[in-house]
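Report on one structure; see the data block that follows.
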Amino acid sequence: MASATHHTVNGQSASPGFGRHRRLDLDECLAALIADGLLTDADVKRVRADVRTTHGRNELHPLVLIASLKLADGRHPDKPLSLEVLTQWLATRAGLPYLKIDPMKIDVPAVTQVVSHAYANRHRILPVEVTPMRVVFATSEPFDTRWISDLGQILRRDIQRVVASPIDVARYLTQWWGVQRSIQRAKDAKIDAGDSRAILNFEQLVELGKSGDVGVDDRHVVHIVDWLLQYAFEQRASDIHLEPRRDSSPIRFRIDGLMHKVFDMPTPVMIAVTSRIKILGRMDVAEKRRPQDGRIKTRSAGGREVELRLSSMPTAFGEKIVMRIFDPDIVVKEFRQLGFSPDEEKTWRAFIERPHGIVLVTGPTGSGKTTTLYSTLKVLATPDINLCTVEDPIEMVSPEFNQMQVQPAIDLDFAAGVRTLLRQDPDIIMVGEIRDLETAQMAVQASLTGHLVLSTLHTNDAASALTRLLDLGVPHYLLQSTLAGIVAQRLVRTLCPHCKIKAPLDIEAWAALTHRWALAPPVRHFGPKGCLECRKTGFLGRTGVYEMLRVTPTIRALIQPNLDLAGIVETAYREGMQPLRMSAAAQIARGVTTIPEVINVLPPTD
């Protein structure tokens, strides 16, 4: 749970202006808000008028009703009186800590065992932390204390309270108990818990997969999967990992490049959930010994279409499933949103606006190559251009261009795919990855015949791509003729804009990062603090840092069979190329990220 100091409260007396031992009243809230300077008399009249004219408004929590009108905060007229501001004000009034509930830090199976859903719902209380000595409850009714003494006697533990948003309390009351109920019923109704190989009505699931229909008895597993996907979307996860173990199987999300454990599920239920996901991804439910790939297209709670790429892997206790999430709003961005500086964007556009040539994007897995390429393809795919791709797998289906899936089982590999595309009258070709000599030769051939070819390589920096292609067996003279540009990239976490603070600069670390380049230290330097928006991490989202190698006539002359990599790098520096660490240093100077974050991401030799 989020770290906060909790104070024991035993039937605390009511704050002036609020009635004891009962729920909040709108009139009392309005009077207290005026007294504390958050509302004006005109605001109160507007609230009362809204209550009179809108049916059902009296049933809302008073703070929700007030926040819905988006009034200005009387203490800070330029800021809105949001629900979080009102909840923090209520916590101060009640003399209790305020808590922004982070579901990823809550042990849901433990807290849902403390009280029944009916009891928690009746008193609008939400357990958020359980230890042998105490239970912490979140509530949006801090002056209703009638339940404290009764529950303290039953639980025989210290009862402590925090104030949380009424919307969050109501939402998690529904979600957490609903998911736990579905897990328990799925386990009881479908699974023999003594056999870790058992599966949710196996033959029936196969039939469900064929028919697309879900029986009444399977609704619990359906609910668990639906909740899991929506939960991942809300938490901005890029990947979902379902990892079966002997007794309890963890679910982990990757968020901003870091893994977070978010839930523990009984292994038999995990197996049932895995089967449901395989059905949705049109994978073979009966085949559990071989890895498989699949794809799911669904929608987020906000109605956005989201694609998930599935990969299964057999393990000792069942199939591990990884779902990579491709949200179009995240995957496809403007060049400036990718982290390009004005000069980097100019160089990149010069690469991709050529009529022919090979442009390579390099970096390790998870460095943002897919995002860069798809964002570029969206820009290039105009009605007067025939743009075709060959991918393994297709990362995100897009209506703007033609995409081909590699099928090794029928000898449709990258090289065969490019060979086919060349007969399709393309203007631009994107090859998912250059893995072997044949694919590289086809990319070179496509470039020589007047096509622009975009592709990726797994190398640590831009210049190393030349060595890699020569090692594959591509003749140096063909590289001289076709290569237009090479971009190496990494992703670094960005400071949360809501809470980043000025911080002293580590001069020695800055000098080590910028050695040879004599870049002056920034006038202002920022560091992480941690707030509700970023879950106390101090970072929110990621951005790219880039190294752009232009293949100029001078560089072409240096591409020889016995290539001098260091000489090429030095020449590229003289011609204007900046290394990854300089791109990162520029992001630090702009207050986007930090030196420790850059050091964690960039290769040690850079």
Side-chain angles (χ1 to χ4, degrees), residues 2-3 102 104-105 235-239 252-261 330-331 333 335-341 343-345 361-372 458-462 487-517 519-548 578-606:
S3 58
D102 183 351
M104 293 181 60
K105 297 180 180 177
Q235 300 301 320
R236 302 183 297 106
S238 61
D239 301 85
R252 297 196 291 168
F253 292 167
R254 187 178 294 279
I255 303 173
D256 292 340
L258 301 180
M259 294 287 280
H260 300 265
K261 182 179 176 181
I330 297 173
V331 174
K333 299 180 178 180
F335 291 146
R336 291 296 176 89
Q337 292 176 304
L338 294 174
F340 284 146
S341 68
D343 288 342
E344 288 168 344
E345 180 179 354
V361 181
T362 74
T365 300
S367 59
K369 300 188 298 296
T370 296
T371 301
T372 299
H458 286 96
T459 62
N460 280 336
D461 54 39
V487 175
Q489 69 175 81
R490 296 291 190 280
L491 291 178
V492 295
R493 291 188 298 166
T494 56
L495 288 166
C496 174
H498 305 283
C499 68
K500 67 179 182 181
I501 56 174
K502 291 182 180 179
L505 178 69
D506 185 336
I507 298 297
E508 291 185 4
W510 177 263
L513 182 67
T514 60
H515 70 89
R516 285 192 53 192
W517 296 87
L519 188 64
V523 176
R524 294 192 306 166
H525 176 256
F526 294 89
K529 178 184 178 183
C531 68
L532 303 176
E533 296 293 334
C534 61
R535 301 187 193 88
K536 307 290 185 181
T537 64
F539 294 91
L540 186 64
R542 291 189 291 176
T543 191
V545 294
Y546 303 92
E547 176 180 271
M548 298 192 169
Q578 290 191 332
L580 284 166
R581 55 189 169 86
M582 289 306 296
S583 176
Q587 296 283 32
I588 294 169
R590 287 194 287 269
V592 174
T593 189
T594 66
I595 294 178
E597 175 65 17
V598 168
I599 292 173
N600 286 337
V601 171
L602 292 186
T605 56
D606 195 81

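Across every non-hydrogen atom of Pro497 and Leu540, the tightest pair is CD-CD2, 4.2 Å. His498 approaches Cys531 most closely through the heavy-atom pair CB-SG, 4.0 Å. For the pair Leu519 and Trp510, the tightest heavy-atom approach, listed with the atom from each and the gap, is O-NE1, 3.0 Å. The minimum heavy-atom distance linking Cys499 with Gly530 is given by the pair SG-N, 3.3 Å. Scanning all heavy atoms of the two residues, the minimum distance from Pro579 to Glu547 falls at CA-OE1, 3.3 Å. The two residues Leu580 and Ala488 make their nearest non-hydrogen contact at CD2-O, 3.6 Å.
Atom CG of Leu602 and atom CG of Asp461 lie 11.0 Å apart (nearest 0.5 Å). The distance from atom CD of Gln235 to atom CG of Asp256, rounded to the nearest 0.5 Å, is 11.5 Å. Atom CZ in Arg493 sits 14.0 Å away from atom OG1 in Thr543 (nearest 0.5 Å). Atom-to-atom distance recorded for Thr362:OG1 and Lys369:NZ is 8.0 Å, nearest 0.5 angstrom. A distance of 9.0 Å separates CG of Leu495 from CZ of Phe526, quoted to the nearest 0.5 Å. Separation of atoms CE (Met548) and OG (Ser583) is listed at 8.0 Å; rounding is to 0.5 Å.
Just one of Val601, Ile595, Ile599 meets the side-chain contact (heavy atoms from CB on, under 4.5 Å) condition when paired with Glu597; it is Val601.
Here the side chain of Arg254 pairs no donor or acceptor atom with the backbone of Ser238 at under 3.5 angstrom. Without hydrogens or angle criteria, Ser341 side chain to Glu344 main chain gives a donor-acceptor distance under 3.5 Å. The main-chain N or O of Lys502 is never found under 3.5 Å from a side-chain atom of Lys529 such that the two would form a donor-acceptor pair.
With sequence neighbours excluded, the residues that form a side-chain contact (heavy atoms from CB on, under 4.5 Å) with Leu491 are Arg542.
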Show the numbers, then the answer: is there a side-chain contact (heavy atoms from CB on, under 4.5 Å) between Gln587 and Val492? CA-CA 10 Å; Gln587 296 283 32; Val492 295; 5.6 Å; no
Audit row: Ile588, Val598, side-chain contact (heavy atoms from CB on, under 4.5 Å) steps and yes/no: CA-CA 9 Å; Ile588 294 169; Val598 168; 3.8 Å; yes
Steps toward side-chain contact (heavy atoms from CB on, under 4.5 Å) verdict (His458, Thr365): CA-CA 8 Å; His458 286 96; Thr365 300; 3.7 Å; yes
